[in-house]
Protein chains: 2
Amino acid sequence: MQSYLQVLKANRLKITPRRKAVIDIFIRCNYRLSPYDVRAKLRRKLSTIGLPTVYRILAELKNAGILAQSLSEDRQLRYALCTLPHQHHHHFSCRKCKKVEEVDFCNFKGISRFIENKLNAKVETHQLQIEGLCSKCK
Amino acid sequence: MQSYLQVLKANRLKITPRRKAVIDIFIRCNYRLSPYDVRAKLRRKLSTIGLPTVYRILAELKNAGILAQSLSEDRQLRYALCTLPHQHHHHFSCRKCKKVEEVDFCNFKGISRFIENKLNAKVETHQLQIEGLCSKCK
DNA sequence: GGTATAAATAGAAATCATTTCTATTTACGA
DNA sequence: TCGTAAATAGAAATGATTTCTATTTATACC
Ligand SMILES: [Mn+2]
Ligand SMILES: [Mn+2]
Ligand SMILES: [Zn+2]
Ligand SMILES: [Zn+2]
């Protein structure tokens, strides 16, 4: 937690009970959570928290590199902790329990070369979502 | 166009002016289009077309394998023609002009093995979006 | 420890892409 | 040509997300 508070400071975000509580949720269990999920969990500790506050904090933590944002199949927002914020990598999430794990590996160069050769295009970004069953759920 | 009408029949979708017009748009220029984009183009040919009709036809064509669905950065729906519906592949789209091109190649096995070994998980699906600048725009 | 100030928050309200509903029209098999 | 299920238009609803504004709070400075 301490290091996350440093990140908040580095991003000029004040250390508030709401922000600490959101980070704490993800530290305890790193699953893909919707803003509603996060609020439900927050309500156990904080008597009140507005949904706009949840949305804002999640976006701030994403911008600070603490959370990774993704979209679920129903196109709604999901967030999970990202513990490798400064290196290029991807995330694996379990279809059943929604657990998220880091995939500190990317073999995208092959496709990139393929595209640059065959289409004569310039590849700039790629976005990969990997799903399956985690070790417990499979 | 003829072969697309076959696909409609195979999917028990009636051949209507609306559906033909939508397919025609994508055949003429294969770009990532939003439902609004599609309607704007349709209006040049068809006096009236309801937005719900556009949404429904796009979803039907996606289910029939004619269109590929994706999400833009603002999380809204986009569609483009998919000319390789029965083989696993990905799509490259130009950030500037939105042109979409098939990427008939996937080197996902490496990451998949990495995950199955390191996380002891079972990988089931992956979803890859590749963006950059096409040959004309770069 | 005060205090000033900008940042953060709650709650209500707005936004707007997408979906649902229903009456009418249309494609097409018999 | 006709009957019928499918397709459509237009209005309305939905619901996740964002905006707005008055109030509260964290913290830099003394
Ligand atoms: Mn990560
Ligand atoms: Mn394709
Ligand atoms: Zn699991
Ligand atoms: Zn281009």
Side-chain angles (χ1 to χ4, degrees), chain A residues 1-2 4-25 32-64 66-67 69-79, chain B residues 1-2 4-25 32-64 66-67 69-79:
Chain A
M1 170 61 83
Q2 200 49 234
Y4 287 116
L5 303 187
Q6 301 296 324
V7 177
L8 289 184
K9 282 186 181 172
N11 287 78
R12 294 184 204 184
L13 296 169
K14 291 183 180 175
I15 295 169
T16 67
R18 306 277 180 268
R19 287 182 179 142
K20 282 200 288 188
V22 171
I23 293 172
D24 194 52
I25 284 172
R32 287 179 89 193
L33 300 179
S34 71
Y36 279 84
D37 293 336
V38 171
R39 184 166 76 159
K41 287 176 180 288
L42 285 171
R43 282 214 160 139
R44 295 174 194 163
K45 302 211 166 176
L46 302 165
S47 55
T48 65
I49 176 139
L51 205 42
T53 301
V54 175
Y55 273 86
R56 192 175 12 79
I57 290 176
L58 291 171
E60 290 160 350
L61 296 182
K62 169 200 161 197
N63 292 334
I66 294 174
L67 299 182
Q69 186 188 67
S70 59
L71 298 178
S72 55
E73 292 198 22
D74 57 6
R75 290 181 239 127
Q76 286 167 207
L77 289 170
R78 292 289 184 283
Y79 291 90
Chain B
M1 168 61 83
Q2 198 51 231
Y4 287 117
L5 303 187
Q6 301 297 324
V7 177
L8 289 184
K9 282 186 180 173
N11 287 77
R12 294 183 206 185
L13 296 170
K14 292 182 179 175
I15 294 170
T16 67
R18 304 275 178 274
R19 286 182 179 141
K20 282 200 288 188
V22 171
I23 293 172
D24 194 51
I25 283 171
R32 287 179 89 192
L33 300 178
S34 71
Y36 278 85
D37 293 336
V38 171
R39 184 164 78 158
K41 287 176 181 287
L42 285 171
R43 282 219 160 135
R44 295 175 195 162
K45 303 211 163 174
L46 301 165
S47 56
T48 65
I49 175 139
L51 205 43
T53 301
V54 175
Y55 273 87
R56 192 174 13 77
I57 290 177
L58 291 171
E60 289 160 350
L61 296 182
K62 170 201 161 196
N63 291 334
I66 294 174
L67 299 181
Q69 186 189 67
S70 59
L71 298 179
S72 55
E73 291 198 25
D74 58 5
R75 290 181 238 129
Q76 288 168 202
L77 290 171
R78 293 289 184 283
Y79 290 91

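All values below were derived from every heavy atom in this structure, side-chain atoms included, with hydrogens, water molecules and symmetry-related copies excluded. First the proteins, then the strands, lettered A, B, ... as listed; each starts at 1.
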Taking 4.0 Å as the cut-off, does a side-chain nitrogen or oxygen of A:Tyr55 come that near to OP1 or OP2 on D:dT17? yes
On DNA chain C, more 5' by nearest nucleotide between B:Ser34 and B:Leu13 is B:Ser34
side-chain N/O B:Tyr36 vs C:dA17 OP1/OP2, d < 4.0 Å:
yes
_Test item: B:Val54 and B:Tyr36 side chains (from C-beta on) under 4.5 Å apart, heavy atoms_ = no
Might you confirm whether atom CD of A:Gln6 has over 12 heavy atoms from other residues, nucleotides or ligands at distances under 6.0 Å?
yes
Between CG of A:Asp74 and P of C:dT18 the distance, given in whole Å, is 13 Å
Of C:dT9, C:dT18, C:dA6, the nucleotide closest to the side chain of A:Lys14 is C:dA6
(Q) Just so I know, are the side chains of B:Leu77 and B:Tyr55 near enough to count as touching, which here means a heavy-atom distance under 4.5 Å? (A) yes
Residues of residues 39-47 of chain A with a heavy atom under 4.0 Å from any atom of DNA chain C, listed by number, are none
Nearest heavy-atom approach of A:Val38 to A:Ile25 is O-CD1, 3.8 Å
B:Asn11 atom CG is separated from D:dA6 atom P, nearest whole Å, by 14 Å
To the nearest angstrom, the CD-P distance between A:Glu60 and C:dA7 comes to 12 Å
Worksheet item: With a non-hydrogen cut-off below 4.0 angstrom, is B:Arg56 in contact with a base, only sugar-phosphate, or nothing?
Response: base
Looking only at D:dA9, D:dA11, D:dT17, the nucleotide nearest the B:Pro52 side chain is D:dA11
Nearest-nucleotide check on DNA chain D, A:Leu77 vs A:Thr16; residue mapping nearer the 5' end is A:Leu77
Q) Would you say the side chain of A:Leu42 lies within less than 4.5 Å of the side chain of A:Val22, judging by non-hydrogen atoms? A) yes
Considering only heavy side-chain atoms of A:Arg18, the closest of D:dT8, C:dT9, C:dG11 is C:dT9
For this session: Please tell me if the side chains of B:Leu61 and B:Leu8 come closer than 4.5 Å, counting only heavy atoms from C-beta onward.
Result: yes
Comparing nearest nucleotides in DNA chain C, the 5'-proximal residue of the pair A:Arg12, B:Gln76 is A:Arg12
Per nearest nucleotide of DNA chain D, the residue lying toward the 5' end, B:Arg75 or B:Gly50, is B:Gly50
> A:Arg18 and A:Thr53: side-chain donor and acceptor closer than 3.5 Å?
Replying inline: no
Taking D:dA9, C:dT18, C:dA10 as options, the one with an atom nearest any side-chain atom of B:Thr53 is D:dA9
B:Pro17 has its side chain closest, among C:dT18, D:dT18, C:dA27, to C:dA27
Considering only heavy side-chain atoms of A:Pro35, the closest of D:dT17, D:dT8, D:dA9 is D:dT17
When rounded to whole Å, the CG to P distance for the pair B:Leu33 and C:dA17 reads 16 Å
In whole angstroms, the gap separating C1' of C:dC28 from NZ of B:Lys20 amounts to 13 Å
### Query
With a 4.5 Å heavy-atom cut-off, do A:Lys20 and A:Leu5 have their side chains touching?
yes
Side-chain atoms of A:Ile57 come closest, of C:dT19, C:dT9, D:dT17, to C:dT9
Rounded to whole Å, NZ of B:Lys9 lies from P of D:dA6 at a distance of 17 Å
Separation of D:dT24 atom P from A:Ile49 atom CD1, nearest Å, is 17 Å
Rounded to whole Å, CD1 of B:Ile15 lies from P of D:dA6 at a distance of 16 Å
